[in-house]
Amino acid sequence: MLLNKSRLFERAEPTESAKKIYIFCEGGRTEKKYFEYFQHIDSRINIEVYELAETEDNSPQGLLTIAEKCILKTAKNPSPKYDDIRETDEIWIVL
């Protein structure tokens, strides 16, 4: 089997129609680096990895609370961190 070695892979920036995946993971360093790797694989997805501070609760309930604060617009939280979520986007909590 012959491979065409003349084709070079070029990573394009995600398009406006790219699915966005918001990831909230329990690790503040290793997991964040791991998921950021995938940001450069496919221009059809756009991955946003939340940077967990050392003082934040990384339990399942804590991550859910953080995600809600970052996503849900409420009277107490009129400007969430991620306010451009579309129906096709996904929110992941990774443990």
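Heavy-atom basis, side chains included; hydrogens, waters and symmetry copies ignored.
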- Query: Are Leu63 and Ile21 joined in one hydrophobic group, where the rule is that I, L, V, M, F, W and Y side chains link up if heavy atoms are under 4.5 Å apart?
  - Reply: no

Atom pairs and distances, donor-acceptor, side-chain atoms in residues 87-95, under 3.5 Å, two or more places apart:
from  : atom 1 : to    : atom 2 : distance (Å)
Asp89 : OD1    : Lys20 : N      : 3.0
Asp89 : OD1    : Arg86 : NH2    : 3.4
Asp89 : OD2    : Arg86 : N      : 2.8
Glu90 : OE1    : Trp92 : NE1    : 2.8
Glu90 : OE2    : Lys19 : NZ     : 2.7

- Query: Do Ile47 and Tyr22 belong together in a cluster built from hydrophobic side chains that touch within less than 4.5 Å?
  - Reply: no

- Who are the ring pair (Phe, Tyr, Trp, His ring centres under 6.0 Å) partners of Phe35, not counting sequence neighbours? none

Can you list, pair by pair, the side-chain donor-acceptor contacts under 3.5 Å of residues 24-34, counting residues two or more places apart and other chains?
from  : atom 1 : to    : atom 2 : distance (Å)
Lys32 : NZ     : Glu36 : OE2    : 2.3

Under 3.5 Å donor-acceptor pairs involving side-chain atoms of residues 65-80, not counting sequence neighbours:
from  : atom 1 : to    : atom 2 : distance (Å)
Thr65 : OG1    : Gln61 : O      : 3.0
Thr74 : OG1    : Lys76 : N      : 3.4
Thr74 : OG1    : Asn77 : N      : 3.0
Asn77 : ND2    : Lys69 : O      : 2.6
Asn77 : ND2    : Leu72 : O      : 3.2

